[in-house]
Every structure is written in C-alpha cells, then in structure tokens.
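Working notes for the structure below.
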Amino acid sequence: MSSHAMSHIGQVPDSSPGIETPAATILLIEDEPVTRTSMAARLTRLGYRVLEAENGRAGLELARRERPDLLIVDWMMPEMDGLTFCDAIRRDPQLKSSQILLMTAHDTPAQIAEGLVRGADDFLSKSASKQEIIARVLAGLRTSRLVRKLETTGEELKSSMLLLEKKQAETEADLQTAAAFVQSLLPSPGSPVHGITLAWEYQPSLTLGGDLFDVMTIDEDHLGLYILDASGHGVAAALRSASLMTFLRAENMLQLLGSYNPEQVLFEANRRFPLSADGEYFTLWVGLLHLPTGSLSYASAGHPGALLSSAEHPSRWLTHASFPLGFDPSARFTRDRVSLKPADRLFLLSDGIYEVPSPSGELWGRDRFQEAIDAGKQTSLSATIASCFAAARGWQQAQHFPDDAAVVGIELTDYREDTFNG
Amino acid sequence: MQIKERIVPQGIILDVVGDLTYAHRAVFKAAVEKARQAGCRNLIVNLEQVRFVDSAGLGLLVLVSQNLKLQQAQISMLKPQSYVREIMSLANIPKMIPIYEREEDALMARAA
C-alpha cells in the first residue's frame with residue numbers, strides 16, 4: 001500500500017504573547033478513516049500541525065521524513081500494527097527517543113504491559129473524552145520537548161568535550177615542546193671536562209619541572225655547578241626556574257660579577273628574585289670547583305645541600321642553614337670550602353628525591369638517601385643514581401614522584417691526579 | 001589538611017592537622033585571611049599534628065609573616081615535629097618566625 005499522508009496546520013496553543021513558537025507536529029497513524037479524520041480535525045483545532053498515515057509502514061516513512069514531536073498510533077492496523085511500529089521506532093537511531101501514544105481499545109494490565117515493553121510511552125483509549133485526549137497529548141508533547149532539549153544539550157556537551165580535548169591535546173603538545181626545550185638546557189651526561197664524569201637523572205612531577213641544574217666550564221681551571229629548586233609545581237614554577245637559569249649562565253655571572261664566586265652569585269640572585277606575591281621562591285646551591293687542586297667552594301640559599309661521597313670516608317652533607325632566595329633582601333650567604341680527591345663523588349639533589357612518602361605516610365628521608373649513596377660506592381656513578389631513584393620508587397611504591405626529583409652526580413677521575421697528590 | 005581555629009584573649013590559634021603543602025595552600029591562606037580580617041595581632045600556627053611541610057608551605061608561612069609584620073602583627077609556630085623542624089632549620093625559618101614548645105609561651109610572647 002502506498003503511503004498516504006495529509007497535513008493540517010492550526011493555531012498554536014498556549015503561545016506566550018510576543019513569542020512565536022512553531023506549531024508542534026503530531027503524526028496520527030490510524031487505518032480507520034473516520035476515526036483518523038475526526039481525531040486529526042480535533043488536533044488541528046487545538047493548533048497542532050497534524051500529519052496522517054493509514055498504517056504503521058506509511059507512518060514510519062513519514063516519521064523518518066518529518067521527525068514529528070508526537071506519534072499517536074493505533075494498536076490494530078493492517079500492513080504494520082501499532083506494536084510492530086513501536087518496535088521499529090525504538091530500533092531507529094534517529095527516531096528512538098520519539099514519544100509514542102498508543103491508541104487502543106485494549107486496556108487490560110497485561111496488554112498495557114506489553115505495549116510499554118514494545119516501546120509505547122502512554123496509552124489513549126479510543127473512548128477517551130476530549131479533555132483526556134488534550135491532557136495526554138499535552139503530556140506527550142511536554143515530554144517530547146524535554147527529551148529533545150536533553151538531546152540538544154547532550155550534543156552540545158559532546159561538542160564542547162571534543163573541543164576541550166582538542167585544546168587539551170594542543171596544550172599538552174605545547175608543554176611537551178617546552179619540556180624538551182628545558183631538557184635541552186640541562187648539561188649532557190658524560191665528561192664536561194677531562195677528568196670529570198657527569199651523570200644525572202631527573203623526573204619532574206609534571207610535564208614541566210621547576211628543578212634545574214647545570215655543570216659548566218667557567219674558565220680553563222674552574223667548573224661551576226648549581227642546582228635550583230622552585231617552590232610549587234607546574235608551568236609557573238618552570239618558567240620562573242628557566243628565568244633564574246638564564247640569570248645563572250656563566251657568561252652572565254662573569255659579566256656581572258667578574259667571577260662565579262658562589263656567595264656572590266647567591267647575593268645577586270637573592271636581590272633579583274624576591275619572594276613572589278604568592279609566596280613562591282627558590283632554594284639554590286652553587287659550587288665552584290678549582291680543577292687543578294680539587295678545591296670546591298660552595299654556598300647555599302636554603303637548599304638541603306649537596307652530598308660528598310669519598311672512597312675512604314662516610315658521605316657528608318655540604319650545607320648550612322641559610323635563607324632561601326627572596327626571604328630577606330639583605331641576606332648574606334656564607335661560602336665554605338672542601339677539598340675533593342680523585343674518585344670522590346659530589347651529588348647535587350633536590351628534596352623531591354627523598355621527600356617521598358611510603359603508603360603509610362612515612363618519608364624516605366635524607367638519611368636513607370645518604371645510605372643509598374654510600375651503598376653505591378662500588379658501582380658506576382650513573383648506576384648509583386639509578387639505584388637511588390629505584391629505592392625511592394620502591395619506598396613510595398609508585399613510579400611518579402609527588403615533587404620534582406633530581407640527582408646530579410660528578411665524579412673526579414684521573415684528571416691532574418699528580419696535582420691533587422702534590 | 002584541616003584547620004581548626006581557636007580564638008583566645010591573646011590571639012588566634014590555628015590547629016593544623018595534615019600536611020602543609022602546595023596542594024593545601026588555599027585552605028591555609030583562607031584560614032589566615034579569616035584571622036587577619038578578624039583583626040588578629042597574634043597568630044599562632046600549631047604544627048603538632050603536621051607531619052610534613054613542603055617548600056610551598058614554607059613560602060606561605062614566610063609570606064604570612066611578612067604581611068603580618070606590615071600590620072604590626074606577628075605569626076609564631078607551635079610544636080613542630082622533628083622532621084618539620086629540620087626542614088625549617090635548613091631554611092633558617094626560626095630566625096624569621098619564632099617557634100615555641102608551649103602554647104602559653106607563644107601567647108605570652110605577644111603579651112610581653
């Protein structure tokens with residue numbers, strides 16, 4: 001049977017003054033012409049746009065084409081009955097959320113249950129009064145509006161999520177680029193000068209880290225080294241750290257101070273990097289190694305310190321209490337000196353390597369870090385550092401550190417050993 | 001981290017429970033700001049139940065100390081645990097913010 005459809009448009013009910021609302025569209029599917037015509041006329045008088053079809057199959061075609069707001073369907077029809085129509089609607093991805101009002105003379109609980117199971121939303125008795133018809137149509141349209149609003153909101157939300165994911169991916173790519181740039185600023189492991197071995201491991205807590213370090217040639221007799229730790233995490237901390245790192249470049253210090261004298265470096269850095277309005281600051285440890293003699297001068301600004309490990313003696317911390325940068329603009333920093341011998345190792349570190357909690361909350365701590373360094377004396381420098389990271393990870397039972405974690409090691413090998421012994 | 005505020009005649013005591021770290025800075029800032037708006041001249045941060053203070057936590061304490069000084073007010077710390085005390089000592093914090101072992105001493109310090 002060919003599709004037979006008719007359309008009537010009437011006044012919009014309940015329209016607010018000044019607001020033009022398009023008339024809701026109702027698809028009426030009924031094989032009995034008199035009933036269909038009578039119901040269509042009644043709905044048209046109520047102000048709805050009414051589409052008509054004489055069986056389920058024709059109704060389904062019309063529904064796919066017109067996307068009506070409400071479907072009123074007769075239960076018993078040739079070609080495709082109301083229940084089969086309900087099945088088809090619920091299987092159709094475009095129509096499955098349509099509101100269906102099933103018209104029937106069947107109103108036993110079992111029949112109603114079957115209608116609901118097959119996909120009807122409500123029932124309309126063929127003997128229903130005019131008031132009941134209006135009430136059920138209004139209820140059906142109300143639900144239809146809500147469902148469509150929900151669908152629109154869901155689509156908007158999905159679209160926003162996709163946009164957000166795209167932006168997030170772009171931001172992550174930017175961060176990766178920035179992280180790669182920061183990594184490129186760090187010294188290359190190996191041998192910065194003859195007779196010195198350098199190894200390090202660094203794991204930022206986020207993509208970008210706030211702990212930075214360098215080991216650099218100052219002149220033919222001096223090696224400068226430092227580690228800085230920015231309070232806080234993330235992009236802001238990393239940017240502040242990169243700024244301080246630029247300030248600490250050898251050529252900048254030589255131009256500004258004429259030397260890489262550790263306490264003078266700290267004094268200048270303290271003047272130029274005050275405590276921020278959010279309470280952010282740096283700790284910094286700076287050392288200057290005189291290569292011909294192995295004499296290391298160093299100074300610290302609130303930094304937990306460097307650890308000196310020698311073959312014959314237990315390791316010891318090279319630090320003393322001092323303000324971090326920016327706490328006191330007039331602060332002076334003390335320089336200390338120590339002699340390094342061949343085979344000695346010096347470790348610069350950030351507190352993030354040992355301030356890792358076990359699952360019960362106990363910190364790994366400086367003492368355990370020191371024990372790990374002492375236990376690695378017989379292994380290579382890089383293996384010792386790797387074992388410290390492994391021990392810290394084992395302690396916290398997690399791969400990622402809650403704070404930036406860095407350990408930088410230098411080892412004096414055979415360079416100018418005659419001078420050291422002399 | 002949780003902070004309980006105790007108002008006493010000589011000042012306000014903030015009883016902090018948990019870690020004073022980067023992740024909890026907003027809670028600490030809010031508690032200090034509330035005390036400041038109440039006109040507090042003597043703020044005592046009780047660290048007895050604080051197991052760990054990170055660098056961001058230290059920065060906040062120093063910032064609060066500097067801001068309170070500008071308003072002729074002061075901050076002091078009460079009973080830090082040994083590890084927290086060690087962290088603070090490395091950064092010379094006791095030279096900037098007094099540390100007390102007894103609540104009465106912290107309260108008396110302002111009165112004096």
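Residue numbering restarts at 1 for every chain, and letters A, B, ... go by the order of the sequence lines.
Looking at A/Phe327, both its backbone and its side chain come within 4.5 Å of chain B, counting heavy atoms on both sides. A/Ala331 does not touch chain B: none of its heavy atoms, backbone or side chain, sits under 4.5 Å away. If you measure heavy-atom distances from A/Ser300 to chain B, you find no contacts under 4.5 Å at all. Of the two parts of B/Ile87, only the side chain, counted from C-beta on, holds a non-hydrogen atom closer than 4.5 Å to a non-hydrogen atom of chain A.
In summary, the side chains of A/Thr384 and A/Arg345 do present a donor paired with an acceptor at a separation below 3.5 Å, with no hydrogens or angles considered. Between the side chains of A/Gln176 and A/Glu172, at least one donor-acceptor pair of N or O atoms lies under 3.5 Å.
When all heavy atoms of A/Ile385 and A/Gly409 are compared, the closest pair comes out as CD1-N, 3.7 Å.
Salt-bridge formation is detected for the pair A/Glu268/A/Arg271: a Lys NZ or Arg NE/NH1/NH2 atom is positioned less than 4.0 Å from an Asp or Glu carboxylate oxygen.
Of the residues considered (B/Leu58, B/Asp54, B/Thr21, B/Leu60), B/Leu58 shows the highest number of contacts with chain A, using heavy-atom pairs under 4.5 Å. Here A/Glu355 is the residue among A/Glu280, A/Glu355, A/His303 with the most heavy-atom pairs under 4.5 Å with chain B.
Not less than 6.0 angstrom separates the ring centroid of A/Phe369 from the ring centroid of A/Phe347.
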